[in-house]
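The structure appears right after this line, and notes come after that.
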Amino acid sequence: VSISKMVRFRVAIGIPYFISAPIVIQGEVAAILITGRLVEEWPYLLPLNEGDVETVHTVCSYLAAIMAGKSVAANRS
């Protein structure tokens, strides 16, 4: 992805500091989770880090499980 595309995306969503990760169900991207901050200020709003990335990936895994479970339940109806 080019830097110019990333800058345009950042401006379009209005979140200058963000993490995004896919929600994958059965090998397909079902959605993308985007979360972040409008400002980063020491000492309370620290820059996003690897721990934040791991947290977002964990949330995506949980959301994928929930979405897949709903899909299975809907197909049984």
> Other than Leu46, which residues form its hydrophobic cluster under the rule that side-chain heavy atoms must be closer than 4.5 Å?
Replying inline: Trp42

>> My understanding is that a hydrophobic cluster links ILVMFWY residues whose side chain heavy atoms are under 4.5 Å apart, including indirect links. Using that, what else belongs to the cluster containing Tyr44?
In response: none

> Is there any ring-ring contact (aromatic ring centres under 6.0 Å, His included) pair reaching into residues 54-77, and which pairs are they, with sequence neighbours excluded?
Replying inline: none

> At their closest point, which heavy atom of Ile25 faces which heavy atom of Ala30, and how far apart are they?
Replying inline: CD1-CB, 3.8 Å

> Residues two or more places apart in sequence or in another chain: which of them pass side chain to side chain contact (heavy atoms under 4.5 Å, CB included) with Ala31?
Replying inline: Ile23

> According to a 4.5 Å side-chain heavy-atom criterion applied to Ile, Leu, Val, Met, Phe, Trp and Tyr, with indirect links allowed, do Val24 and Met67 form part of one hydrophobic cluster?
Replying inline: no

> Applying ring-ring contact (aromatic ring centres under 6.0 Å, His included), which residue pairs with at least one partner in residues 18-37 are found, sequence neighbours left out?
Replying inline: Phe9-Phe18

> Looking at Leu38 and Gly14, what are the two nearest heavy atoms and their distance?
Replying inline: CD2-O, 3.1 Å

> What distance separates Ile19 CD1 from Asn49 CG, expressed to the nearest 0.5 Å?
Replying inline: 7.5 Å

> So, for Leu48 and Arg37, which heavy atoms are closest and what is the spacing to 0.1 Å?
Replying inline: CD2-NH1, 3.6 Å

>> Would you compute the distance between atom CD1 of Ile13 and atom CD1 of Ile34 and round it to the nearest 0.5 angstrom?
In response: 5.0 Å

>> Going by the rule side chain to side chain contact (heavy atoms under 4.5 Å, CB included), which residues pair with Glu50 if we only count those two or more places apart in sequence or in a different chain?
In response: Val53, Glu54

>> Going by side-chain hydrogen bond (donor to acceptor under 3.5 Å, both in side chains), name the pairs with one or both residues in residues 2-21, residues two or more places apart or in two chains.
In response: Ser2-Ser4

